[in-house]
Amino acid sequence: MTTHLSEHFTLEEMIRSQTATRKGIDNTPNSEIIQNLTKLCREILEPARVKFGAIQITSGYRFVALNKAIGGSSTSAHCLGYAADIVPMQATKLEVAKWISLNCPFDQIIMEYGEKTNPSWVHVSCDLRHRKQILYAHGSPVTYTPITL
């Protein structure tokens, strides 16, 4: 059964994880997390999807054990269902990130790895803090640098 969080995004794609499957981690969200994922889909992902076409979710919700297994931040908005890492299929990552920054109620947009203007993926969140941070993540250990899109 498919559970739609918005017209084009499903709960199943927001919780899918090869690492969770491989390591036997249950990545099933509770009702509060599902509400947060719904907010993320309706306020950021769906408007971007309507504007730019297909968007691949490379990482959505992460149960704490899954987040730890992949080396995520202990304060990651992914663990609350407020964040997704995305790759647009019909537009550049920079175009989509810029558009989200101007048109959606976001907390963070992080251009992750790769180059500032052509990252490997884009992290978007609708965390209730509404910090309006736009960052570039790079290096090991990771460094977050404020940038302008």
Atom NZ of residue position K68 - does it have more than 12 heavy atoms of other residues, nucleotides or ligands inside 6.0 Å? no

Under 3.5 Å donor-acceptor, K93 side chain and V122 backbone: no

About how many Å separate OG1 of T28 and CD1 of I33, when rounded to the nearest 0.5 Å? 12.0 Å

Quick test of your reading: applying ring pair (Phe, Tyr, Trp, His ring centres under 6.0 Å), list the pairs with at least one residue in residues 66-93, sequence neighbours left out, ordered by first then second residue. H78-H123

Starting at CD of E12, measure out to CD1 of I57 and round the result to the nearest 0.5 Å. 13.0 Å

Least distance between heavy atoms, V124 atom then L40 atom: O-CD1, 4.2 Å

Kindly state each residue pair satisfying side chain to side chain donor-acceptor pair (under 3.5 Å) with at least one member in residues 140-149, sequence neighbours excluded. H138-T145

With a cut-off of 3.5 Å and sequence neighbours excluded, list every side-chain donor-acceptor pair involving residues 46-56.
{"from": "E46", "atom 1": "OE1", "to": "S6", "atom 2": "OG", "distance (Å)": "2.8"}
{"from": "E46", "atom 1": "OE1", "to": "H8", "atom 2": "N", "distance (Å)": "3.0"}
{"from": "E46", "atom 1": "OE2", "to": "H8", "atom 2": "ND1", "distance (Å)": "2.5"}

Return each pair, listed once, that meets salt bridge (Lys or Arg N to Asp or Glu O under 4.0 Å) where at least one residue sits in residues 114-128; pairs must be two or more places apart or across chains. D127-R129

Partners passing salt bridge (charged side-chain N to carboxylate O under 4.0 Å, His left out) against R16 (at least two apart in sequence or in another chain): none

Partners meeting side-chain hydrogen bond (donor to acceptor under 3.5 Å, both in side chains) with T58 (sequence neighbours left out): none

Supply the atom-to-atom distance I15 CD1 to I34 CD1, rounded to the nearest 0.5 angstrom. 8.0 Å

